[in-house]
Amino acid sequence: MKKLLLLTGLLFTVIAANAQDTPKDLSTANGGKVWSSLYQQRAAEYKALCFQAYNMAKLRLDAALKHKGKKPLAVVTDIDETLLDNSPYDAARAINNQEFDLKAWKQWTAKGIADTVPGAPSFFKYAASKGVVVFYITNRDEDERLGTTQNLKLYHLPYADDTHIILKQAVSSKEARRQAVLSKYNIVLLCGDNLTDFDALYDNKPSEESRMATTEKLKKQFGNKYIIIPNPSYGDFENAIFKFNYKLTSAQKDSVIKSLIKLDK
C-alpha cells in the first residue's frame, strides 16, 4: 500500500510539473493552428490533396511541352507549405500559445531540415528532366539563403542555387520577381499556397471581399496555370480576417473569429 501511495504521489507530481509547461487557456486561434498542423502531418486526405495538385501540374506541364514557343519554359514555385512542410515549427509555437516570431522562424529555417510537401519533389524533378527551368520565388529573407539552399539540396531538388532561389528583397510582393523571370522565360505554371503567389491582384492587403471577387475573376486559372496547395495554418486568408492588424492579441483574435464564424442556432 505504501508503495502504491508513493507511486501515485509521484505520478501526480509529474503531471503537475508537465502542466506548468502547458498553457492553461489555449486561444481559439492557436488551437486552430494546432489542429491544422495535425491535419497537415497526419491526414491521408491532406496528402491526397497535394498529390491531386501536383498530378494536375504534371498534366498541364505535359500539355505545354507540346507547344513550345521561342522562350524556354519555366515553372515558378513558392517554398513554404508549397514545397517544404514547416508544420513542426507552426505546431510548436501554437501549442505553447505563442504567436509567430521572426527570430524563432529563422532559427527553424537555418536548420534546413523541413520535410517536403507530398508530390512536390517528384514534380519539380520531372519538370527539370524535361528541360523546364524551376524558379523558387519565396518571401524568406536573404539571411535565410544558406538554410533554404541546404534544405532544397537535402532532397536533391533541381536548380537549388543562387540564381534560381529568389528571396525577398525590398517588398513582399512577388510580382516584380515574376516579371523578371517572365522577361526571359515562358512561365507555364505557378505553384503556391497563398494567393499572392499567383497574381498581383492579391497584393496590397486586400479585404476578404476583394480576395473573393478576384478569385471569382481568375477561377479559370486554378488547375490550369495556377496550382494551389492547401494550407489551413496561416497565410493572407487570416491576415484579411484580422484586417492585416499584426498587433492583435490572442484574445482580440478570438473575438474576431467568434464574431465572424457561422454557427448553428
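Here, residue 1 is the first one in the sequence, and each next residue gets the next number.
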- Task: Would you please say whether a donor-acceptor pair under 3.5 Å links the side chains of Asn139 and Arg177?
- Result: yes
If you count every heavy atom of other residues, nucleotides or ligands that lies below 6.0 Å from [X] atom [atom1], does the total exceed 12?
X      : atom1 : value
Leu102 : CG    : yes
Lys219 : NZ    : no
Lys71  : NZ    : yes
Lys217 : NZ    : no

- Measure the shortest side-chain to side-chain distance between Val76 and Tyr136 over non-hydrogen atoms and say whether it is less than 4.5 angstrom. no
- Query: Taking the six-membered ring for Trp, are Tyr89 and Phe100 parallel (under 30°), tilted (30 to 60°) or perpendicular (over 60°)?
  - Reply: perpendicular
- Fit a plane to each ring of Tyr159 and His164, take the angle between them on a 0 to 90° scale, and name the class: parallel (under 30°), tilted (30 to 60°) or perpendicular (over 60°). tilted
- Message: In this structure, would Tyr234 and Val34 fall into the same cluster of hydrophobic residues linked by side-chain contacts under 4.5 Å?
- Response: no
- Item | Phe237 with Leu195, same ILVMFWY side-chain cluster at under 4.5 Å | no
Using a strict cut-off of less than 4.0 Å between a Lys/Arg side-chain nitrogen and an Asp/Glu carboxylate oxygen, indicate whether [X] and [Y] qualify as a salt bridge.
X      : Y      : result
Asp236 : Arg211 : no
Glu99  : Lys253 : yes
Glu175 : Arg178 : yes
Asp90  : Lys33  : no
Asp62  : Lys66  : no

- Could you walk me through whether Leu73 and Lys130 pass the side chain to side chain contact (heavy atoms under 4.5 Å, CB included) check? CA-CA 10 Å; Leu73 302 185; Lys130 296 296 182 179; over 6 Å; no
